[in-house]
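Please read all numbers here as calculations on a predicted model, not as lab measurements.
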Amino acid sequence: MKRDFAFALPVKAHQVPTGPDWIHEIKHDGYRLKVIRAGARVQLTTRNGLDYTKRYPWIVRDALKLDADRFVLDGEAVVLNLHGLSDFEALHSGQYNAVVRFYAFDMLEGEGVDLSRRPLADRKVELAKLLDGFPQDGGIHIAPYERGEIGTDLFKHGCLLGLEGIVSKHLDRAYKVGRCDHWVKVKNPNHPAYSRVQDAF
């Protein structure tokens with residue numbers, strides 16, 4: 001199962017971009033992950049190239065339940081606490097690997113078709129099709145997002161809830177490996193991840 005495991009990475013900013021062509025996603029505090037399926041095989045790969053396939057069995061089982069034989073998803077592996085917020089310490093401890101779930105925010109391949117060069121808007125449509133009707137209590141979820149000028153208010157509300165921050169992405173752009181200025185991350189300065197040396201996203 002050979003794939004390009006390189007990831008698109010957001011640039012850091014102190015201000016949320018505005019405009020109708022930007023979407024805004026909650027930044028979960030977890031491990032960046034690609035979920036790759038080729039027939040009956042699934043592989044989970046981290047940003048550093050580590051194989052986490054055996055570590056997160058719930059994600060693997062649900063990837064095999066999806067109605068597609070070949071796909072590559074980009075997203076975040078998280079453990080949720082009792083309040084429904086991502087808990088990095090619980091994830092990092094390794095004690096809760098059986099309940100680690102995956103929030104997919106991008107789809108780079110579908111049924112052997114390379115989607116990475118298409119605009120993000122198209123990739124979001126294909127991701128929604130793949131996960132349409134999939135159980136909400138499962139191990140794979142579609143990451144929700146908001147569009148347009150709501151980004152600044154979403155960030156403020158997220159900070160009040162104790163979330164890590166948000167990532168804003170331009171809908172017209174293709175998937176670009178490495179740092180890209182059309183993915184912009186604004187972090188909550190009061191969140192523990194703000195000062196963490198190794199940024200998991």
Side-chain angles (χ1 to χ4, degrees), residues 1 3-14 24-37 41-64 72-108 127 131 134-145 154-155 157-169 177-180 183-201:
M1 187 185 296
R3 291 288 190 279
D4 179 4
F5 299 136
F7 289 76
L9 303 173
V11 296
K12 296 179 181 179
H14 297 290
H24 312 281
E25 302 168 344
I26 293 296
K27 172 66 180 75
H28 292 287
D29 195 8
Y31 291 155
R32 186 74 177 276
L33 203 68
K34 280 186 181 176
V35 176
I36 304 160
R37 178 176 174 184
R41 295 184 61 198
V42 172
Q43 185 172 356
L44 311 182
T45 304
T46 72
R47 177 179 156 185
N48 294 324
L50 300 177
D51 188 337
Y52 275 17
T53 307
K54 294 182 179 179
R55 183 173 293 199
Y56 301 144
W58 193 13
I59 299 175
V60 172
R61 286 197 303 268
D62 277 11
L64 290 170
V72 178
L73 305 181
D74 190 0
E76 197 89 359
V78 303
V79 170
L80 300 182
N81 63 20
L82 295 177
H83 304 289
L85 302 177
S86 54
D87 186 335
F88 183 81
E89 296 304 323
L91 176 70
H92 189 62
S93 74
Q95 298 180 42
Y96 305 96
N97 287 348
V99 295
V100 171
R101 63 189 68 200
F102 181 72
Y103 281 90
F105 51 67
D106 214 328
M107 185 169 178
L108 309 184
L127 178 61
L131 296 179
F134 203 68
Q136 292 298 308
D137 58 351
I140 297 179
H141 303 258
I142 189 167
Y145 63 89
L154 181 66
F155 174 70
H157 187 63
C159 289
L160 291 174
L161 291 175
L163 299 176
E164 183 183 345
I166 66 172
V167 178
S168 303
K169 302 173 181 177
V177 170
R179 297 288 173 188
C180 48
W183 282 24
V184 178
K185 174 174 57 179
V186 182
K187 298 179 71 173
N188 175 3
N190 297 316
H191 192 278
Y194 190 81
S195 58
R196 192 179 298 142
V197 175
Q198 177 79 27
D199 195 324
F201 197 103

Legend entry - Inter-residue atom distance Asp62.CG - His141.NE2, 0.5 Å rounding: 8.0 Å
Legend entry - With Arg55 via side-chain contact (heavy atoms from CB on, under 4.5 Å) - residues at least two apart: Tyr52, Asn97
Inset, instruction - Could you tell me the separation between the CG atom of Leu73 and the CD1 atom of Ile140, rounded to the nearest 0.5 Å? - result: 6.5 Å
Inset, instruction - Could you tell me whether the side chains of Asn48 and Thr46 share a donor-acceptor contact shorter than 3.5 Å? - result: no
Legend entry - Close side-chain approach of Met107 to Val72, heavy-atom, < 4.5 Å: no
Inset, instruction - Determine yes or no for a side-chain-to-main-chain donor-acceptor pair under 3.5 angstrom, with Arg37 supplying the side chain and Ala63 the backbone. - result: yes
Legend entry - Euclidean distance, Ile26 CD1 relative to Tyr145 OH, rounded to 0.5 Å: 14.5 Å
Inset, instruction - Please state whether the rings of Tyr31 and His92 are parallel, tilted or perpendicular, taking 30° and 60° as the class boundaries. - result: perpendicular
Inset, instruction - Identify the two heavy atoms, one from Ala77 and one from Leu33, that lie closest to each other, and give their separation to 0.1 Å. - result: CB-CD2, 3.9 Å
Legend entry - Thr45/Leu50 under side-chain contact (heavy atoms from CB on, under 4.5 Å): CA gap, chis, key distance, verdict: CA-CA 6 Å; Thr45 304; Leu50 300 177; over 6 Å; no
Inset, instruction - Can you measure from CG (Leu9) to CZ (Arg179) and round to the nearest 0.5 angstrom? - result: 4.5 Å
Inset, instruction - Please lay out, stage by stage, how Val100 and Ile59 fare under the test side-chain contact (heavy atoms from CB on, under 4.5 Å). - result: CA-CA 7 Å; Val100 171; Ile59 299 175; 4.1 Å; yes
Legend entry - side-chain contact (heavy atoms from CB on, under 4.5 Å) evaluation trace for Asp87 with Leu80: CA-CA 6 Å; Asp87 186 335; Leu80 300 182; over 6 Å; no
Inset, instruction - Examine distances only and state if a side-chain atom of Glu76 and a backbone atom of Tyr103 form a donor-acceptor pair shorter than 3.5 Å. - result: no
Legend entry - Smallest separation among heavy atoms of Thr53 and Val60, with atom names: O-CG2, 3.4 Å
Legend entry - Candidate pair Val167 and Val184, rule side-chain contact (heavy atoms from CB on, under 4.5 Å), full reasoning: CA-CA 5 Å; Val167 178; Val184 178; over 6 Å; no
Legend entry - Spatial distance of atom OG (Ser93) from atom CZ (Phe88) [nearest 0.5 Å]: 10.5 Å
Legend entry - Sequence-distant partners of Ile142, side-chain contact (heavy atoms from CB on, under 4.5 Å), two or more places apart: Leu127, Ala128, Leu131
Legend entry - Spacing of Ser86 atom OG and Asn81 atom CG [to the nearest 0.5 Å]: 8.0 Å
Legend entry - Non-hydrogen atoms of Gly138 and Arg101 that approach each other most closely: O-NH1, 4.3 Å
Inset, instruction - Might you point out which heavy atoms bring Ile166 and Phe155 nearest each other, and give the distance in Å? - result: CD1-CB, 3.9 Å
Legend entry - Heavy-atom pair of closest approach, residues Gly30 and Leu91: CA-CD2, 3.5 Å
Inset, instruction - For Asp74, check side-chain contact (heavy atoms from CB on, under 4.5 Å) against everything at least two apart and list the hits. - result: Phe7, Arg32, Lys34, Phe105, Asp106, Tyr175, Trp183
